[in-house]
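What follows is one structure encoded as structure tokens, with my remarks underneath.
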2 protein chains.
Amino acid sequence: MATKRPSSAIEDYLRAIYGLVERGVEVSNATLAKRLRVSPSSVSGMVAKLADLGLVTHVPYHGVELTEPGRRAACDVLRRHRLIELYLVEELGYTWDEVHVEADVLEHAVSDSLIERISAKLGDPTRDPHGDPIPAADGSVEQPPTHLLRDLEPGASGEVARVWDTNPEILRYLAHNGITLGARIEVLERQPFGGPLVVRVGERTHSLGNEVTAVLLIRVPTSQ
Amino acid sequence: MATKRPSSAIEDYLRAIYGLVERGVEVSNATLAKRLRVSPSSVSGMVAKLADLGLVTHVPYHGVELTEPGRRAACDVLRRHRLIELYLVEELGYTWDEVHVEADVLEHAVSDSLIERISAKLGDPTRDPHGDPIPAADGSVEQPPTHLLRDLEPGASGEVARVWDTNPEILRYLAHNGITLGARIEVLERQPFGGPLVVRVGERTHSLGNEVTAVLLIRVPTSQ
DNA sequence: ATAGTGTTTTCGGCATGCCGAAAATTCGAG
DNA sequence: CTCGAATTTTCGGCATGCCGAAAACACTAT
Ligand SMILES: [Mn+2]
Ligand SMILES: [Mn+2]
Ligand SMILES: [Mn+2]
Ligand SMILES: [Mn+2]
């Protein structure tokens, strides 16, 4: 039989760990606690449990890492999460800033058979509304090579391939300014001392602050 | 602000109590325990809690009854449950025997805004796939007057208005024999000593056992 | 009235997951 | 090397919901 699904708390931890790694953020007790809006002592407790279950390796006072079973379980949740996000946008008229919260709950409630029907109805898509890759049913994921907008130099250009979906306000700000998936974006200049990045999108130019440029992933055509 | 939603355990108890009353089954500790697949001692504990919360009245060693707030909360879950069942059938190709289990989980996970989008997409329907009335968003329900097939006498006829959805096997059996919502059904004869009821549906006649006739609700045209 | 039977409640216990306070550990600055 | 700040862990505790065993109760038949 298909082995039982982890509790929703466990699934949230696994997805959080996977998400931090995906964004290149250090997976510390503190970053996990902040991301999950939970106290550090709760994280300690759950990490010990995950290690017991063989889903992570844990070196006390140092880091946490997903094991292969842990990575697999994380991908399972992530697949559900992202398919649900896309489904809500495609079938129920949600916008990309509204779907994350809803999917964070539903990801634990949909059965395997329901999620496969959803996937089929959507044509087995590979990207969610934020450009995030949707893990396949077999647990494989393809991470598209992109660059953080923050790291691009003036003169560089490309198209918006992905947006980190944590902050709905930023997502609304972006959409409001025509900065959506697939938009062509060109870096015009970078103001010093942590100042904004001036970019052109279509006809318009925008000065984007650090919080925004740290959230936009750009596909640059001829990047070595 | 909209007051917080009860836990899923509480919602399941409320829906179970409502469902027993709806079917005219005595709401006892035992019937509740059986329906919820939980021990009698668990029911005692939860009923005390529901009484504390003002959702039921409880006379120890006697019955449980929903208060008005309790009835209202039950209708809220029931609305979600039935809209989800219908949505799964209409939009995702589920059959009427598959939806109950799925809805039992999802009913606790969908937000109010999602359920209203679902309702809108379905055209604000008033019946679920089993013919059960869908409570309105304001908590009102219309219970259509029907008769249990078991109680009809030979010669009576009507159409299938509603099917109690607890047992998927019976639902499959019915569908397989063309006994679906709206089907015209006529009672031909009743075998004595708890024997089957012989009915005609379309061209065919069927001998239906007690478990089946106890689950079919018939709208009889000229019933006084 | 009383005994017996079946139902309901009480009680102690377990599992999960959260918290704050206090102790332990790490690591950089000096 | 040692001190101190920051991070992590440990500890006791709380909330929710479940269980089985035993006690309390109600109801029926005698
Ligand atoms: Mn979640
Ligand atoms: Mn996403
Ligand atoms: Mn339920
Ligand atoms: Mn139903």
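For the numbers below, each heavy atom of this structure counts, side chains included, while hydrogens, waters and symmetry mates do not. These numbers were taken from a predicted model, which means no experiment stands behind them. Chain identifiers are assigned alphabetically (A, B, ...) following the order of the sequence lines, protein sequences preceding nucleic acid strands; residue numbering begins at 1 within each chain.
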Do A/His130 and A/Trp164 touch side chain to side chain, with heavy atoms closer than 4.5 Å?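 Not in contact.
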Do the non-hydrogen side-chain atoms of A/Arg150 and A/Leu197 ever get within less than 4.5 Å of each other?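 When only atoms from C-beta onward are counted, A/Leu197 and A/Arg150 do not touch, as no gap falls below 4.5 Å.
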Does OP1 or OP2 of [N] have a side-chain N or O of [X] closer than 4.0 Å?
X	N	answer
A/His58	D/dT9	yes
A/His62	C/dC27	yes
B/Ser41	C/dT9	no

Rounding to an integer number of Å, can you tell me how far [X] [atom1] sits from [N] [atom2]?
X	N	atom1	atom2	answer
B/Leu36	C/dT8	CG	C1'	16 Å
B/Glu11	D/dG17	CD	P	11 Å
A/Tyr61	D/dT9	OH	C1'	4 Å
B/Lys4	D/dA15	NZ	P	14 Å
A/Asn29	D/dA6	CG	P	16 Å
B/Asp12	D/dG17	CG	C1'	12 Å
A/Leu32	D/dT9	CG	P	11 Å
A/His108	C/dT16	NE2	C1'	15 Å

Would you mind telling me which residue lines up with the more 5' stretch of DNA chain C, A/Pro40 or A/Pro60, judged by nearest nucleotide?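 Whichever sits nearer the 5' end wins; that is A/Pro40.
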So is A/Arg71 actually on top of A/Tyr18's ring, under 6.0 Å and inside 45° of the axis?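 Judged by the rule (NZ or CZ under 6.0 Å from the ring centre, within 45° of its axis), A/Arg71 is not positioned above A/Tyr18.
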For the side chain of A/Ser39, starting at C-beta, report the closest nucleotide among C/dA24, C/dG20, D/dG17.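 Nucleotide nearest to A/Ser39's side chain: C/dG20.
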Taking the minimum atom-to-atom distance to the side chain of A/Ser28, which one of D/dG17, C/dC18, D/dT8 wins?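 Of the candidates, D/dT8 comes closest.
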Using a 4.0 Å heavy-atom cut-off across all strands, classify A/Val43 as base, sugar-phosphate, or nothing.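 Nothing, no nucleic acid heavy atom in range.
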Ring geometry between A/Tyr87 and B/Tyr87 (parallel below 30°, tilted from 30 to 60°, perpendicular above 60°):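 Answer is perpendicular, since the angle exceeds 60°.
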Is the CD atom of B/Glu211 crowded by more than 12 outside heavy atoms at less than 6.0 Å?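 No.
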Do the two ring centres, one from B/His100 and one from B/His81, sit under 6.0 Å apart?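 B/His100 vs B/His81: aromatic centres under 6.0 Å.
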When you measure from every atom of DNA chain D, which of residues 44-56 of chain A have a heavy atom less than 4.0 Å away?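 Listed by number, they are A/Ser44.
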From the options A/Arg15, A/Arg162, A/Arg127, A/Arg79, select the one residue that forms a salt bridge (Lys or Arg N to Asp or Glu O under 4.0 Å) with A/Asp132.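 Single salt bridge (Lys or Arg N to Asp or Glu O under 4.0 Å) partner of A/Asp132 among A/Arg15, A/Arg162, A/Arg127, A/Arg79: A/Arg162.
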